[in-house]
Amino acid sequence: MHRPTPSLRRLVHPAVHEGRFAASINTQPFRMSSLTGRLTLRSELERAPAQWIWQVIADGRVGNRRTTIGLFLDRDLEPGDHDLIDHEQIKVIYNETLHRKNTVYHSAHFQGGRLVLLEASPCTLRLRGVFSFNMSSINLDVTDGAFDLYCR
């Protein structure tokens with residue numbers, strides 16, 4: 001029986017889900033390399049281990065920066081137009097890496113933002129919506145955000 005060496009295991013990437021994810025960061029396109037989506041338990045909550053969330057993580061590049069955008073939506077979030085600022089049911093993470101320096105921004109730091117949830121079906125596991133957010137203090141403007149995928 002052949003076993004992969006530890007160095008080969010690091011080359012295995014997580015399964016890429018079929019779907020669409022797009023955004024522009026300061027007018028530059030986000031070039032997606034992988035997309036994962038799932039309906040999962042919210043593991044970081046110790047007091048509410050039974051809380052389910054939609055989790056969407058898109059990895060890619062903007063210019064020469066590795067970029068990740070993560071959307072975390074409570075399963076009970078109703079379709080409609082939602083303000084991202086101080087929304088209890090929506091968390092967004094924006095992560096960029098340049099020259100091995102990792103910078104993470106959280107929706108709690110955003111100065112503006114919207115998410116329009118078009119569909120969130122626990123039966124079909126389809127999740128669709130559009131979003132935008134900004135932090136003028138650091139000149140970050142994410143526009144034309146859109147996602148349409150089947151989660152697992």
Side-chain angles (χ1 to χ4, degrees), residues 6-45 51-121 124-152:
S7 61
L8 290 177
R9 282 189 205 138
R10 281 184 250 143
L11 297 176
V12 177
H13 297 286
V16 176
H17 294 218
E18 288 196 27
R20 187 173 87 72
F21 188 97
S24 293
I25 291 79
N26 296 335
T27 70
Q28 291 189 310
F30 172 77
R31 294 184 318 272
M32 184 183 68
S33 58
S34 71
L35 176 64
T36 58
R38 63 181 62 119
L39 183 60
T40 185
L41 285 172
R42 191 169 172 186
S43 60
E44 79 276 11
L45 294 178
Q51 184 176 1
W52 286 86
I53 62 167
W54 296 99
Q55 181 185 61
V56 176
I57 299 175
D59 290 309
R61 297 189 84 72
V62 176
N64 60 352
R65 296 174 187 221
R66 281 190 356 220
T67 304
T68 300
I69 299 174
L71 307 173
F72 306 89
L73 318 173
D74 283 3
R75 182 187 70 179
D76 298 333
L77 182 68
E78 293 290 327
D81 191 348
H82 302 278
D83 188 343
L84 289 181
I85 306 305
D86 296 325
H87 199 295
E88 291 293 319
Q89 294 182 293
I90 303 170
K91 304 296 178 239
V92 178
I93 303 293
Y94 179 83
N95 179 30
E96 63 183 18
T97 305
L98 181 63
H99 306 301
R100 298 184 190 204
K101 183 179 179 196
N102 206 18
T103 307
V104 179
Y105 301 102
H106 187 277
S107 53
H109 303 120
F110 297 167
Q111 292 162 317
R114 303 219 60 81
L115 180 129
V116 179
L117 186 60
L118 301 171
E119 182 177 357
S121 173
T124 63
L125 297 178
R126 186 171 185 195
L127 187 64
R128 291 186 310 124
V130 295
F131 65 94
S132 63
F133 56 87
N134 67 67
M135 290 180 64
S136 57
S137 60
I138 61 163
N139 193 32
L140 175 65
D141 193 24
V142 177
T143 58
D144 305 318
F147 55 94
D148 184 352
L149 69 154
Y150 289 92
C151 299
R152 297 177 190 207

When you compare the side chain of [Y] with that of [X], does any pair of heavy atoms fall below 4.5 Å?
X    : Y    : value
R75  : I53  : no
F72  : I93  : yes
F30  : S24  : no
I138 : Y105 : yes
V56  : T36  : no
W54  : T40  : no
T97  : T67  : no
R114 : D83  : yes

Give, for atom CD of E78 and atom NE2 of H82, the distance between the pair rounded to the nearest 0.5 Å. 7.5 Å
Rounded to the nearest 0.5 Å, how far does CZ of R61 lie from CE of M32? 15.0 Å
For the residue pair F131 and F133, categorise the inter-ring angle as parallel (less than 30°), tilted (30 to 60°) or perpendicular (more than 60°). parallel
Would you please test L71 and Q55 for side chain to side chain contact (heavy atoms under 4.5 Å, CB included) and show each step? CA-CA 6 Å; L71 307 173; Q55 181 185 61; over 6 Å; no
Under the side-chain hydrogen bond (donor to acceptor under 3.5 Å, both in side chains) criterion, do D59 and T68 qualify, and how do the steps go? CA-CA 4 Å; D59 290 309; T68 300; 2.5 Å; yes
On a heavy-atom basis, which atom in [X] and which in [Y] lie closest, and how many Å separate them?
X    : Y    : result
S107 : I90  : OG-O, 4.1 Å
R152 : L125 : CA-CD1, 4.3 Å
G19  : L35  : C-CD2, 3.9 Å
G112 : I85  : N-CD1, 3.6 Å
G63  : Q28  : N-OE1, 4.2 Å
L77  : L117 : O-CD2, 3.6 Å

Taking [X] for the side chain and [Y] for the main chain, is one N or O donor matched with an acceptor at less than 3.5 Å?
X    : Y    : result
D141 : M135 : no
S132 : T143 : no
S121 : T124 : yes

Walk me through whether F147 and L127 qualify under side chain to side chain contact (heavy atoms under 4.5 Å, CB included). CA-CA 7 Å; F147 55 94; L127 187 64; 3.7 Å; yes
Side chain to side chain contact (heavy atoms under 4.5 Å, CB included) for N134 and F110? Distances and angles first, verdict last. CA-CA 6 Å; N134 67 67; F110 297 167; over 6 Å; no
Take V92 and H106, measure what side chain to side chain contact (heavy atoms under 4.5 Å, CB included) needs, and give me the verdict at the end. CA-CA 6 Å; V92 178; H106 187 277; over 6 Å; no
Report the residue from K101, R65, R66 that forms a side-chain hydrogen bond (donor to acceptor under 3.5 Å, both in side chains) with E96. R65
For S136 and Q111, run side-chain hydrogen bond (donor to acceptor under 3.5 Å, both in side chains): C-alpha distance rounded to whole Å, both residues' side-chain angles, the deciding distance at 0.1 Å, then the answer. CA-CA 7 Å; S136 57; Q111 292 162 317; 3.0 Å; yes
Take atom CG of D86 as the centre, draw a 6.0 Å sphere, and report whether it contains more than 12 heavy atoms from other residues, nucleotides or ligands. no
Could you verify whether a donor N or O on one side chain and an acceptor N or O on the other, from D74 and Q51, lie under 3.5 Å apart? yes
